[in-house]
Amino acid sequence: MSATPHTLYTLLEGLEGDGLLPAGDAARLAALPVSEEVRDPWYVVLLVGAGAWLAGILFLVFIAGTKLVDTSFKVMIAGAVLMPVALVLRWKTKHLFNHQLAFAAGIAGQLGFVLGLGAELDFTAETWAAAFAVEVLLVWLYPDFAHRLLSTLLAVAAAAGFVYRLEWFSLIHGLVLVLAVATGLWLYEAKGAAGRLRRHYRPVGYGLAAGLLGVLILSLSREMIDVGDWWKSSIVVGGALVVLVYQVLDGQAVRGVVRWGMVVAALAVAAVAWETPGISAALFVLVLGFSRGNRLLTGAALVFLALFVGFFYYNLQLTLLVKSGVLAGSGLLFLGLRQVFLTMTRREADDG
Amino acid sequence: MSQPPSRKRLFELAEAGRLSAAALEQALVRAGHLPDRAAWRVFMDRMLLALGAVLLLAGIVFFFAYNWYDLPRLGKLGLVEALLVGAIAGAWYRGLNDLVGRVLLLAAAVLVGVFLAVFGQVYQTGADAYELFLPWALFILPWVVLGRFIPLWLFGLALVDVTVSLYWEQVVAPEMRERAAMFLVLFVFNAGAHVAWAAGMAKGVGWLKGKWGLYLIVILTLYLLVVPTFILIFDGVSRAAGDPLLYAVPVVFAGYLAVCLWYYLRRVRDLFVVAACLFSIIIVDTAFLVKVADVEFWGFLGIGLLVVAQSAGAARWLRKLGGEGTA
């Protein structure tokens with residue numbers, strides 16, 4: 001990413017010249033005051049979300065402690081009442097304290113509703129289906145970045161809970177496929193920003209990416225859910241990675257050795273990380289983040305990549321000696337690929 | 001008119017309906033916010049190097065972790081020595097200005113530990129685990145200093161932390177009753193690393209520009225103070241009677257917070273560190289209130305409202321300080 005020589009005005013002027021902006025808009029847009037709408041840095045979003053979560057749990061303890069709410073059914077009803085109250089408070093007020101209070105009350109409501117319903121229904125698949133529906137509704141209705149991100153994550157968790165309670169574990173690969181495709185929509189970020197869903201696409205996009213990586217954490221422990229055939233998810237995310245790499249580089253007119261080198265590397269990763277689909281998934285999000293110049297997505301993907309690579313060893317169903325051979329062999333494969341890639345790009349540059 | 005075409009500003013215009021999707025995409029390309037061919041080439045080069053190096057090293061470590069009786073003693077030691085010498089020679093040949101050279105130096109630092117472990121395995125030294133980590137940390141110290149490589153630096157710090165923790169567990173307090181001193185010693189090392197990093201950044205040391213390593217150290221240092229503060233809060237006076245240094249932890253915690261907030265507000269504006277400090281304050285005072293107030297259920301409502309007020313206040317303050325965000 002080279003440094004830009006432009007000012008905003010010269011950039012917009014160029015767009016105007018190419019017919020991408022109506023005549024006269026460049027000067028007008030460049031002179032517009034900076035929006036007063038706050039776009040928080042990620043750590044402020046995290047602080048707000050974590051604070052609301054903590055307060056929400058304390059509110060729930062308070063509700064459970066009152067004599068008025070003494071059965072799981074009543075906890076569910078209290079939760080169901082709190083959610084619309086939180087929504088109205090968020091819609092109707094502008095003060096940050098009220099927004100945070102609404103967020104915390106909403107969290108308490110969601111937890112109360114799901115826990116109460118779960119206690120009533122013994123946490124059957126229906127509980128998780130209801131939780132999923134509630135979270136999707138809140139993503140749509142609740143006008144807050146951190147809340148939408150959290151609701152997206154909770155919706156993914158509810159979907160995983162649904163699959164778990166159905167005991168049809170192979171469905172998890174279908175969920176991984178849906179999440180990978182949905183996360184891939186980051187490629188159409190510009191359409192999201194300029195479209196009707198401009199308030200939703202970023203928090204939902206981050207939530208989906210985190211949800212994809214979060215679901216694949218299940219593959220790290222066979223004690224949690226014994227899906228047994230994680231290689232199916234590896235095919236899903238490995239395929240998604242290869243398609244993504246090809247499409248992104250094609251779209252950005254990066255062809256020749258760089259493109260094919262990256263496609264081969266993606267295939268190699270998918271093949272090596274057969275039992276650990278999280279590695280391909282983290283690389284999928286990493287490539288996506290890098291292609292969009294999105295540092296937050298890239299950074300999050302790197303953290304998960306380190307986690308999945310760290311656990312790669314444990315997932316290999318082999319003896320210690322063979323495991324070490326697979327690890328070292330994989331390392332040599334990637335270093336060899338790098339050497340081939342460097343040689344070919346150098347040759348390509350020499351050929352002009 | 002002279003404002004830069006920042007990514008945030010371009011998205012703001014699009015989200016306000018002033019730029020079409022096609023115009024936004026073109027603007028991002030022309031402003032250099034999307035990677036070009038050269039950037040992709042560097043990305044791929046680094047990814048393959050990092051993945052390859054990590055997996056190869058892991059393979060070597062596990063090869064020697066395998067209790068391989070068939071290989072003669074000297075064969076094992078010779079093999080690991082050959083790898084170590086090869087990594088050092090490679091680093092020397094490539095030089096420390098080259099990324100591959102620095103990765104080879106990091107590999108050599110890891111292999112020193114493998115050598116010490118194999119040595120202990122071959123000669124059955126019966127040493128405690130900290131006796132492996134201590135010389136390991138000491139031997140690689142010059143490379144950490146000379147390497148000018150953030151992963152190597154963090155690896156060195158991690159070794160020091162593991163050494164201190166194991167020393168405490170195995171020698172000083174095997175029953176882990178007197179843990180405050182361990183946390184304080186760990187704090188001294190990590191806060192020292194923090195100060196060194198901050199000083200390097202202030203002097204414009206090029207390789208310390210990336211902030212992710214600094215943030216890791218700040219989070220770890222805060223963690224090292226929050227955990228013993230929690231122990232003091234929840235285990236209380238009875239615990240502190242056998243571990244009086246626990247009383248010093250809140251003082252050190254307050255001091256570290258004060259210095260961080262002063263430095264990152266007044267000297268170098270870094271709101272991530274400020275946010276981390278504020279969050280640690282919120283969780284510690286919430287724990288304190290829950291424990292000390294010995295609350296009935298009404299109290300939980302009050303403390304919940306206090307958490308709401310604190311997090312809203314912190315967010316408002318950070319927004320005011322930040323002016324414009326980056327998410």
Side-chain angles (χ1 to χ4, degrees), chain A residues 1-4 6-9 11 14-15 20-21 29-30 35 38-45 47-48 51 54-55 58-59 61-62 65-66 96-97 100-101 104 190-191 193-194 198 254 258 261-262 265 290 293 296 309 313 320-321 323-324 327-328 330-332 334-335 337-338 341 345, chain B residues 1-3 5 8-9 11-15 18-27 30-35 37 39-41 43-45 48-49 51-52 54-56 58-60 62-63 66 272 275 279 282 297 300-301 303-304 307-309 311-312 314-316 318-319 322 325-327:
Chain A
M1 276 169 268
S2 54
T4 168
H6 307 287
T7 62
L8 180 63
Y9 174 66
L11 179 72
L15 295 178
L20 289 165
L21 270 183
L29 294 186
S35 159
V38 179
R39 199 167 169 182
D40 286 326
W42 64 271
Y43 45 84
V44 175
V45 173
L47 188 146
V48 166
L54 185 58
L58 291 166
F59 289 163
V61 174
F62 161 71
T66 58
L96 191 57
F97 175 84
Q100 189 67 350
L101 181 62
K191 285 187 179 165
R198 60 184 181 279
V254 179
V258 175
M262 283 201 64
F290 186 77
L296 183 55
V309 169
Y313 162 78
L320 199 56
L321 185 60
K323 273 182 186 181
S324 68
L327 285 168
S330 309
L332 286 171
F334 290 126
L335 292 175
L337 272 176
R338 175 180 177 269
F341 170 73
T345 46
Chain B
M1 285 286 188
S2 61
Q3 59 180 306
K8 177 177 177 279
R9 185 79 179 116
F11 271 91
E12 248 177 32
L13 289 171
E15 287 171 8
R18 315 263 185 186
L19 281 184
S20 67
L24 173 63
E25 193 69 13
Q26 265 308 308
R30 293 180 192 187
H33 295 307
L34 300 184
R37 185 186 170 80
W40 277 112
R41 208 182 72 80
F43 172 79
M44 182 161 168
D45 177 18
L48 287 173
L49 180 62
L51 268 179
V54 167
L55 291 174
L56 180 59
I60 292 169
F62 289 122
F63 176 79
Y66 182 69
F272 173 87
F279 188 64
I282 291 173
F297 62 89
F300 284 105
L301 178 66
I303 297 170
V307 172
V308 167
S311 48
R316 175 182 279 269
L318 288 165
R319 283 176 184 175
T326 53

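The model shown is predicted, which means the values in this text are computed figures rather than measured ones. Residue numbers start from 1 in every chain, and the chains themselves are labelled A, B, ... in the order their sequence lines are given, proteins ahead of strands.
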(request) Check whether any side-chain heavy atom of B:L56 sits under 4.5 Å from a side-chain heavy atom of A:L327, and report yes or no. (result) no
(request) Identify which part of B:L318 has an atom lying under 4.5 Å from any heavy atom of chain A, answering side chain, backbone, both or neither. (result) side chain
(request) Look at B:A58, B:A27, B:A22 and state which one has the largest set of heavy-atom pairs under 4.5 Å with chain A. (result) B:A27
(request) Can you see which heavy atom on A:G293 is nearest to which on B:P35, and at what distance? (result) N-CD, 4.5 Å
(message) Minimum heavy-atom separation for B:D45 and A:F341, please, with both atom names.
(response) N-CE2, 4.2 Å
(message) Heavy-atom cut-off 4.5 Å, strictly under: side chain, backbone, both or neither for B:L13 against chain A?
(response) side chain
(request) Evaluate the side-chain proximity of B:S311 to A:V48: yes if any heavy-atom separation is below 4.5 Å, no if none is. (result) no
(request) Might you point out which heavy atoms bring A:L15 and B:R30 nearest each other, and give the distance in Å? (result) N-NH1, 3.7 Å
(request) Heavy atoms only, distances under 4.5 angstrom: which of B:L51, B:V307, B:L301 has the most pairs with chain A? Name it, please. (result) B:L301
(request) Could you tell me the separation between the CD atom of B:Q26 and the CG atom of A:L20, rounded to the nearest 0.5 Å? (result) 6.0 Å
(request) Give a yes or no answer on whether the side chain of B:Q3 reaches the backbone of A:A30 with a donor-acceptor pair at less than 3.5 Å. (result) yes
(message) Only pairs of heavy atoms separated by less than 4.5 Å count here; which of A:A194, A:G51, A:A190, A:A104 has the most with chain B?
(response) A:A190
(request) Return the set of residues passing side chain to side chain donor-acceptor pair (under 3.5 Å) with B:R316 (not counting sequence neighbours), or none when no residue passes. (result) none
(message) Could you tell me if the side chain of A:L96 sits less than 4.5 Å from the side chain of B:R319, heavy atoms only?
(response) yes
(request) Give, as side chain, backbone, both or neither, the part of A:T66 having an atom under 4.5 angstrom from any heavy atom of chain B. (result) both
(request) Examine distances only and state if a side-chain atom of A:R338 and a backbone atom of B:L48 form a donor-acceptor pair shorter than 3.5 Å. (result) no
(message) Give me the atom names and distance for the closest heavy-atom approach of B:A312 to A:F97.
(response) CB-CA, 3.9 Å
(request) Please work out whether the ring planes of B:F272 and A:Y43 are parallel, tilted or perpendicular, with thresholds of 30° and 60°. (result) perpendicular
(request) Answer yes or no: is there a side-chain heavy-atom contact under 4.5 Å between A:F59 and B:V308? (result) yes
(request) For A:S330, check side chain to side chain donor-acceptor pair (under 3.5 Å) against everything at least two apart and list the hits. (result) none
(request) Identify which of A:L29, A:L332, A:L337, A:V309 forms the greatest number of heavy-atom pairs closer than 4.5 Å to chain B. (result) A:L29
(request) Nearest 0.5 Å please: distance from the CZ atom of B:F63 over to the OG atom of A:S324. (result) 6.5 Å
